[in-house]
Every structure is written in structure tokens, then in C-alpha cells.
Amino acid sequence: MENWYWMTLVVLIGLTVRWTVSLNPYSGAGKPPMFGDYEAQRHWQEITFNLPVKEWYFNSSDNNLQYWGLDYPPLTAYHSLLCAYVAEFINPDWVALHTSRGYESHAHKLFMRTTVLVADLFIYIPAVLLYCYSLKEISPKRKIAVALCILLYPGLILIDYGHFQYNSVSLGFALWGVVGVSYDWDLLGSLAFCLALNYKQMELYHSLPFFCFLLGKCFKKGLKGKGFVLLIKIACTVMASFLLCWLPFFMEREQALQVLRRLFPVDRGLFEDKVANIWCSVNVFLKIKEILPRHIQLAISFCLTFLSLLPACIKLTLQPSSKGFRFTMVSCALSFFLFSFQVHEKSILLVSLPVCLVLNEIPFMSTWFLLVSTFSMLPLLLKDELLLPSVVTVVAFLVACVTFFPLCESTSEAQLQLTSFAVSVRRRLPGFTFLPRIIQCLFLSSVILMVLLTILSVTLNPPQKLPDLFSVLVCSVSCINFIFFLVYFNIVIMWDSKNGRNRKKIN
Amino acid sequence: MAAFSLAASGGHWFSALALGVTLLKCLLIPTYHSTDFEVHRNWLAITHSLPVSQWYYEATSEWTLDYPPFFAWFEYVLSHIAQYFDQEMLNIHNLNYCSSRTLLFQRFSVILTDVLFIYAVHECCKCIDGKKTSKELTEKPKFILSVLLLWNFGLLIVDHIHFQYNGFLSGLMLLSIARLFQKRHMEGAFLFAVLLHFKHIYLYVAPAYGIYLLRSYCFTASKPDGTVRWDSFSFVRVISLGLIVFLVSALSLGPFIALNQLPQVFSRLFPFKRGLCHAYWAPNFWALYNALDKALSVIGLELKLLDPNQIPRASMTSGLVQQFQHTVLPSVSPLATLICTLIAILPSVFCLWFKPQGPRGFLRCLVLCALSSFMFGWHVHEKAILLAILPMSLLSVEKAGDATIFLILSTTGHYSLFPLLFTAPELPIKILLMLLFTVYSVSSLKKLFRKENPLFNWMETVYLLGLGPLGVFCEFIFPLTSWKLKYPFIPLLLTSVYCAVGITYAWTRLYVSVLTGCLVSKTKKQ
């Protein structure tokens with residue numbers, strides 16, 4: 001590796017940015033009685049450390065589920081337990097049952113931030129590096145550039161190190177899964193993805209592409225021979241890894257059911273707070289939450305999600321390819337984010353991860369999307385007083401992207417992967433040559449709108465009648481962008497130039 | 001951080017580098033800041049609310065104004081912007097005031113004035129020989145130099161965490177050096193004169209400027225063997241140089257002379273009441289001297305050669321006292337350090353006079369002046385090593401030998417800044433930034449000079465690698481041991497002695513290379 005030192009520098013820069021962001025306040029700092037996600041994570045350490053496994057997910061006098069009850073799968077709980085052991089070693093007050101509620105100190109903040117950095121360093125960052133090394137047909141320098149841009153993606157840094165969460169663990173495992181299946185280490189890949197799924201149930205957004213891709217691979221090898229063996233192997237791996245993670249909860253039926261109930265809180269409603277998906281945006285005109293009964297909301301959101309991701313998934317199953325897999329991951333995750341039930345604004349990170357993976361193929365659209373995704377979390381970031389680090393990291397990310405990928409010149413049809421789409425449209429509409437121009441205009445107006453809205457929400461106080469005016473605007477604007485991206489990614493997937501036969505079939 | 005071949009066209013990569021480091025500086029805003037933050041806030045308040053006549057008399061805060069007048073005027077200008085941020089910071093009696101707006105204003109004032117530094121680096125890059133230009137952008141001397149300067153670890157730590165304004169001051173120095181390289185001598189002299197009246201620590205390198213301008217500018221020609229031709233002396237040039245220096249000084253000190261306050265100003269600028277070494281020993285000759293003294297006194301006590309009752313208590317308990325009393329070796333007076341410094345500077349200046357080698361010879365002499373005064377000066381701060389490291393970066397990309405010296409100097413010099421930041425949240429930052437700079441400088445210079453001999457011999461390699469275990473011991477292991485309370489000064493002592501060895505070595509090597517260069521070229525001519 002001649003360029004090893006550039007990779008070292010890239011990692012060092014990534015780590016420096018992460019740590020400097022972590023000096024900023026976390027969510028709910030000094031805001032009793034509920035505090036924020038930081039307190040939630042600390043509370044989970046307290047619960048897992050002091051209570052037997054059986055009581056983790058159950059309401060009891062020692063475990064008030066109303067106060068940040070554990071609602072992530074077992075792997076998160078184990079991780080909390082591990083951190084709790086370290087915390088207990090340093091200062092037992094940090095995880096003392098009951099008395100440690102709302103514990104805040106500089107030392108504790110340092111400890112919590114360090115746990116995030118360690119998890120990131122061991123899971124997410126190696127996965128990114130491995131992924132970039134595995135990229136084919138590009139120069140070593142380009143690999144380094146891609147690695148730097150992925151590591152500088154502001155959304156993940158701000159949520160993990162500013163707001164406080166451990167997204168890098170679940171996303172890192174998912175990325176290990178992607179690396180695994182694209183290297184044809186299918187078992188390792190499915191194991192990694194199962195770990196991701198057992199760390200955060202939101203990884204379900206990525207599950208369909210994994211499923212379809214692996215299934216497609218088996219079909220390709222022939223279901224009567226090698227493919228069948230592979231299918232069985234994968235199924236066994238998945239079962240075994242799930243069994244292992246859920247072992248303490250499979251002892252009793254009620255345990256497993258309770259965990260599931262905690263993981264999928266259907267009664268919490270179609271959406272919470274302000275999130276840049278369809279439901280929240282439609283809510284501005286039409287109060288769906290009040291008009292329709294809950295089970296119909298559930299059914300509608302399920303149907304819409306399923307319909308929107310169906311074409312891409314079918315195509316992936318029929319023609320499994322590493323590239324198609326990554327693009328399908330984007331469109332599936334985006335469909336889930338836009339249409340599914342109970343989505344959080346932070347779930348956009350699940351879409352951003354696969355978009356980071358296509359940064360090399362479509363730098364322009366990826367950068368644009370990653371900017372919008374960070375912007376969509378603006379209300380949350382402002383609430384956490386993370387304005388300065390947000391602006392700085394976003395600009396840094398943009399500078400990195402513009403430096404390495406000449407964005408302004410990369411809007412031709414070929415570079416947007418839209419050649420075959422444009423060709424097939426031109427068969428009907430011969431004058432259809434203005435696509436790059438349109439996209440450039442859209443990009444410009446979207447960026448200007450985002451900058452304007454940011455400035456407005458920072459400087460102005462919203463009118464008293466509409467206290468949520470700016471956050472709703474931010475969400476709606478992001479939502480419109482996301483719908484556009486969903487259409488774009490689906491077009492790219494469907495018109496993937498490899499096979500013309502299939503294109504007609506789906507049309 | 002780097003712009004690769006894709007962006008090779010124009011100065012695109014330079015703006016990316018500069019913008020990148022500026023953003024990093026912005027991220028450092030919430031980090032720890034030292035008492036220097038309060039020092040500068042107090043100066044803002046003094047210059048804003050008092051008439052000029054009282055600037056150098058005011059003593060409400062212990063951090064009195066002890067920089068030359070231009071810096072006071074600089075604070076005066078800043079204070080007029082500051083009032084729009086937070087009026088309260090301009091109140092003299094508001095000691096240790098630090099609202100979030102004050103923090104933002106002060107931090108951004110450092111970041112924005114660094115624009116001058118960025119411009120100076122840009123100018124310096126033009127002065128570098130492009131002889132061995134490689135096709136690869138990242139292997140071009142210009143690119144490497146701009147990273148070494150813009151992303152300098154010391155400046156990031158000292159200015160943007162610890163809090164000082166070294167960025168634009170170093171910018172002035174680099175700019176004046178660049179002007180001398182570009183043969184714009186008058187401009188260079190003017191900039192340096194201005195710089196002197198911003199911060200008088202630059203007096204240390206004044207001999208290099210003085211001799212160089214006199215020898216290579218005022219004498220317009222040399223004899224074929226390189227010795228001076230006395231008849232080529234240009235009075236016009238001398239007078240114009242003198243005029244420039246005089247006018248700048250008059251502008252700066254004039255008002256205080258008119259107010260008859262010059263002695264007071266000077267007593268503030270040169271406080272010889274302070275001890276030989278700063279609270280934490282700068283890694284120079286005196287650190288070695290003190291350490292030797294301590295070692296001798298310990299040995300003496302063990303062998304019963306010394307009477308324990310006669311040993312001053314302070315020297316035995318900690319290294320943190322201001323006045324260090326020597327027990328075995330003779331104590332050092334300010335005058336002695338001054339003489340030592342002058343003796344150390346003299347050979348390099350002689351060399352500059354008798355064997356002028358153009359601006360590069362001047363630059364070497366300047367680095368030697370800075371290093372010599374760092375080695376032997378009175379009450380030297382560890383931060384002063386930046387005065388040598390920054391100009392040395394210019395030399396490092398041109399010659400393999402200089403690159404070696406630069407790497408040893410910068411690595412040990414930067415490592416010796418570690419004790420400046422002692423708070424836990426900043427620990428990862430200083431380690432990461434140090435690694436970032438060191439990995440980059442070593443590997444890029446190795447790559448630049450890959451066709452020549454390896455940059456380090458085994459001894460230097462072992463020494464530099466030794467910094468790793470030393471850091472681990474001082475930062476991680478020592479705080480866990482029981483010695484922490486009994487001997488709190490041990491990490492500082494170890495750091496400064498270990499780094500002093502490296503800096504002394506770098507200084508010696510640079511001196512040897514300059515002197516041999518001087519002698520060899522002389523004998524060749526003969």
C-alpha cells in the first residue's frame with residue numbers, strides 16, 4: 001500500500017472532527033426532568049447493570065418504562081451493559097440504580113463521548129476503509145477521497161457526537177454486511193447485517209435489499225444445486241445469529257413478545273415531532289392522525305412503503321449486482337423513511353449510509369442528498385445548540401466534495417447515470433436534452449432555499465400563532481427533495497443500462 | 001485536507017487547504033482556553049476604556065499590558081468591533097469575564113486575523129524552487145510547504161486552543177521573509193519593523209535581518225571570492241532603510257516619548273524579574289542545566305557530599321516555582337544568559353556577513369538566531385519554538401539535510417507543547433493533531449526526498465519513536481501511579497529534558513551544516 005499514509009491522515013482528520021464536535025452540548029443537557037438521548041443511553045446502562053436480564057424490558061418499580069425505557073433490540077442492551085461495567089469501574093455513581101438519574105458531570109460526558117468514539121473506531125471506520133479499498137476500477141487517490149468524504153459526512157457526526165447516539169454501531173455493522181456480500185463473503189455479510197438488525201430495529205430499512213440480493217445470488221447459482229446450499233447456509237447463519245442475540249429472551253414466550261412490543265410501539269402514532277416524511281408534510285393540510293383510525297394509518301403506510309420499494313427489489317432479485325444492490329439500498333431506505341410508520345428524523349441516517357456508498361458513482365447527486373439529509377435534521381440540531389458545529393461540518397464536507405469531485409462539471413447525463421433513461425424518453429420526445437440543465441437549476445434552488453431557511457430559523461423568532469413554522473418548513477422542503485431523490489434513484493435502478501430486456505418487462 | 005490531481009489546476013488546492021484548516025479552527029472554538037484569553041480580554045478593556053497615557057500604567061488586573069504599542073493599537077481596533085458583541089467584556093473591572101459572545105468574538109478575531117498568515121504562506125510558496133516538480137500535485141514542494149505551514153500543529157494548539165495571536169504575527173514574519181526572497185527589500189524591512197512593534201520577542205531574529213540587509217542590500221556588489229566590496233556601499237539604501245525603521249518606531253513609540261513614558265513602557269516590555277525558566281521549563285539548554293543540577297544534588301545527597309540543610313527547599317519539591325535555585329551548579333543571572341545568547345548567535349551572523357548566500361543563507365541565519373535565543377534565553381516560553389519551526393519549514397522542502405533537521409525540530413518542539421494543554425477533553429485533540437502533523441510531515445518529506453539517503457539514521461529514529469512511550473507514560477500511566485501527588489513535576493521534567501535533547505541536537509546539526517557550508521565554499525574558492 002503506497003498510499004497508506006493518506007489513509008492514516010484521512011482517519012486522523014475524521015477522528016479529530018468527531019472529537020471536536022463532541023465538545024459541544026449533548027441533547028437534553030441540563031434539562032430536567034426528562035433530559036434527552038444522552039440520559040436515555042446512561043439510563044440503559046443503569047438498568048442493564050443493576051437488573052437481571054428478565055426485567056430489562058418490563059415495567060417495574062425499578063424500571064419505569066415511561067422514563068426512557070429500553071426500546072432497542074438486545075444487542076444495544078448488551079452494549080449498554082458493557083459500557084456500564086466500565087462506568088462502574090471508573091465511578092459507581094454513574095450507574096447507581098435510581099440515584100444516578102439525570103447524572104451530569106464533565107467527567108461523565110467525557111466518558112460517554114469516549115464510548116461513542118471507541119465504538120466508531122472499532123466498527124464504523126474500519127468498515128468505511130475496507131469498503132473504499134474494495135471499490136473497483138478507480139485510482140487509489142480516488143479511494144482516499146471517497147473515504148474522506150464518507151468519514152466527514154456531517155449528519156452522522158452531529159447525531160452521534162453532538163446529539164448523542166450510537167448510530168455508528170448499527171450503520172457500521174450494516175456496512176460490514178455490504179462489504180461482506182459484495183466480496184461474496186455472504187455468510188459473513190449476513191452475520192454482520194443480523195448484528196446490525198439486532199442493534200437497532202430501524203436497520204429493517206436495509207433488510208429487503210440484503211434479502212433480495214442474497215436471494216438473487218442463490219437464484220443465479222441455480223436453486224437446484226449450489227444456490228440451494230448457499231440459501232440454506234445463509235438461512236442457518238441468520239437463524240443462529242438471531243438465536244444467539246435473543247438467547248436470554250427466548251427462554252420464555254412472554255419475554256420475547258414484550259421485547260417485540262417495546263421495539264415496535266404501534267400506539268405511538270404515525271409520526272412524532274417534526275420529520276421530513278410524507279405524513280408530517282401532508283399533515284400541514286390534512287390531519288391524517290385525527291381523521292383515520294390507527295389501524296388504517298398502519299395499513300396505508302405499509303401499502304405505500306411496500307409499493308414504492310417493490311420495483312427496485314424485484315429488479316435486484318432478478319439481476320443481482322453489487323452496484324444494483326447499493327442503489328436499491330438507497331431507494332428502499334428512502335421509501336421506508338418517506339412512507340413507513342413511526343419514523344424519526346434521525347432515521348434519515350439510514351438512507352445516508354447507502355448514499356455515501358454511491359458517492360463514487362454519482363458524486364453530484366450524492367453530495368446534494370447528503371446536504372439535504374443534514375438540513376432535514378436542522379430543528380433537532382438547533383434544539384441541541386449545535387448550530388456552529390453543524391455549519392462548520394457541513395461546509396467542511398462540501399469543501400471536501402467539491403475539491404475531490406468537480407461537482408459543477410459532473411452533471412452530464414452519463415455522470416448522473418441517466419443516459420439510458422434519457423435515450424428512452426427521447427424516443428417519444430426528441431427534444432428531451434435539457435435534463436442536466438434542469439437538475440442544475442433544481443440543485444441551485446434547493447441549496448439557496450436551504451441556506452435561506454437556515455438563516456431564517458436561526459435569526460427570526462417564529463410568529464406566536466405558528467411556533468413550529470420554521471421546523472415545518474424545513475421538513476416540507478426536505479420532504480419534497482427526498483421525493484425527488486426517490487424518483488431519481490428509482491429511475492437509475494430501473495434504467496440500469498446492463499440489460500435492456502428487463503427494462504421493457506418492468507415498463 | 002488535500003486536493004489531489006483532480007484539482008491541480010490553478011490555486012484551487014491552496015484555497016481548499018486554507019479553508020479546511022479555517023474550519024478546523026472553528027471547530028476548536030469550544031475547547032479549553034488558558035489565562036491568555038483573559039489577558040487579551042483585559043487588554044481589550046484597557047485600550048478601549050482608558051486614554052493612551054494610562055495604557056502602560058493600568059494594573060487592576062495582574063495581566064498588565066506588556067506588548068509593544070502596535071499590539072495595543074491592534075487591541076484598540078478590535079475593541080471597537082467587540083462592543084457590538086458584548087459591551088461587558090470591555091469593562092476593566094470585569095475580571096475573568098467570559099460570556100459565550102466574548103468567547104465567540106475572541107476566537108473569531110484569532111481566526112480572521114489568520115487571513116494574513118494564509119496570504120503570507122501563499123507568498124512563501126512562490127519563493128520555493130520548483131526544480132524537482134513532480135507530476136503528482138501532492139509531491140510538489142509548494143503543496144507540502146503550504147500544508148506544513150497552514151496546518152502547523154503548534155499554531156493550532158497555541159492560537160486556537162491555548163489562545164494567542166501568533167498566527168498573524170508569524171504571517172507578518174513570513175511575509176517579510178517572502179519579500180526579501182522576492183528582492184523587495186524595503187518592503188521586507190518595513191514589515192519586520194512593524195512586526196517588532198507588535199511583539200518584541202522577534203528582536204531575537206533582528207540580527208539576521210540587520211546583517212543581511214546591510215550586507216546584501218546596502219552593499220550592492222561582492223568581490224569574486226564573495227568578500228565584501230567596500231566601495232559598493234550605497235548611502236541611499238542605508239538612509240532609506242534607516243528612515244523606514246525610524247518612522248515605524250516613531251509611529252509606535254512616539255506618543256509615549258511625548259508623554260515621557262518610555263521607561264515605563266520598557267519596564268513592562270522587559271520584565272527581568274521573572275525567573276530563568278518559565279513555570280514549565282522550555283526544552284532548552286537551561287532545562288538540561290537544571291536537570292543536571294538536580295541530578296547532581298540527588299547524587300550528592302546520596303553520597304553524603306552535600307548537607308541537606310543547606311539545600312533550598314523549593315528546588316527539591318517541585319519544578320513549578322518561578323525562581324529556580326541551583327544547588328550544585330552556579331546560579332544563572334540574566335546577564336549570563338544574554339551573553340550566552342549573543343555568543344551563540346555570533347557565528348551564524350558572521351557567516352551571513354562573510355559568506356552571503358542570498359536569501360537562503362539569510363533564512364538559515366534567522367532560524368539559527370531564533371533557535372540560539374531559544375536555547376540560551378532568559379525566561380523562554382516553550383511556545384517560542386514556533387519562531388524557529390515556521391521559517392524552518394521553508395528550508396525543509398528544498399534540501400534533504402534540512403528536512404531531517406526540520407523533522408527532528410518540529411516533532412520534538414511540538415511535543416514539548418503538550419503540557420500547555422492539560423485538560424482531559426483536549427487530550428485526544430492534541431494527540432490526534434500531533435499525529436496528523438507528524439505523520440504528514442514525515443511521510444511527505446520522505447516521499448519528496450526518496451531518491452536521496454534515508455532521512456533518519458537509527459539513532460534519530462529511536463529517539464523520535466521514543467516520544468511515543470514518553471507520551472504514553474506522561475499522559476496515561478503516570479496519573480494512575482501514586483507518584484502523582486508526591487512528584488507532580490516528573491512528567492514536565494521528563495518532557496522538557498527529553499525534548500531539550502532533540503532540540504539541542506537539531507540546533508547543533510543546523511549550526512554544523514551552516515558553518516561547514518560557509519567554510520567549504522570558502523576553501524573551494526581559494
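In what follows, chains carry the letters A, B, and so on, assigned in the order in which the sequence lines appear, proteins first and then strands, with residues in each chain numbered from 1.
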| What is the distance from atom CD of B:Glu426 to atom OG1 of A:Thr20, rounded to the nearest 0.5 Å? | 11.0 Å
| said: So, taking the atom named OG1 in B:Thr31 and the one named CH2 in A:Trp19, what distance separates them when rounded to the nearest 0.5 Å? | reply: 13.0 Å
[X] and [Y]: which non-hydrogen atoms are nearest, and at how many Å?
| X | Y | result |
| --- | --- | --- |
| A:Val402 | B:His12 | O-NE2, 4.3 Å |
| A:Leu12 | B:Leu432 | CD2-CD2, 3.7 Å |
| B:Leu436 | A:Leu9 | O-CD2, 3.5 Å |
| B:Pro425 | A:Leu110 | CA-CD1, 3.7 Å |
| B:Ala16 | A:Thr403 | CB-OG1, 3.6 Å |

| said: Counting only non-hydrogen atoms closer than 4.5 Å, does A:Ala396 touch chain B with its backbone (N, CA, C, O), its side chain (CB onward), both, or neither? | reply: both
| said: Need one label for A:Leu388: side chain, backbone, both or neither, based on atoms under 4.5 Å from any heavy atom in chain B. | reply: side chain
Heavy-atom cut-off 4.5 Å, strictly under: side chain, backbone, both or neither for [X] against chain A?
| X | value |
| --- | --- |
| B:Thr22 | neither |
| B:Ile29 | side chain |
| B:Ile429 | both |

| message | As an exercise: rank A:Thr393, A:Val392, A:Thr8 by heavy-atom pairs under 4.5 Å with chain B and give me the winner. | response | A:Val392
| Counting heavy atoms not belonging to A:Lys109, are there more than 12 under 6.0 Å from its NZ? | yes
| field | Options B:Gly20, B:Pro30, B:Pro428, B:Ser444, ranked by heavy-atom pairs under 4.5 Å with chain A, top entry | value | B:Pro428
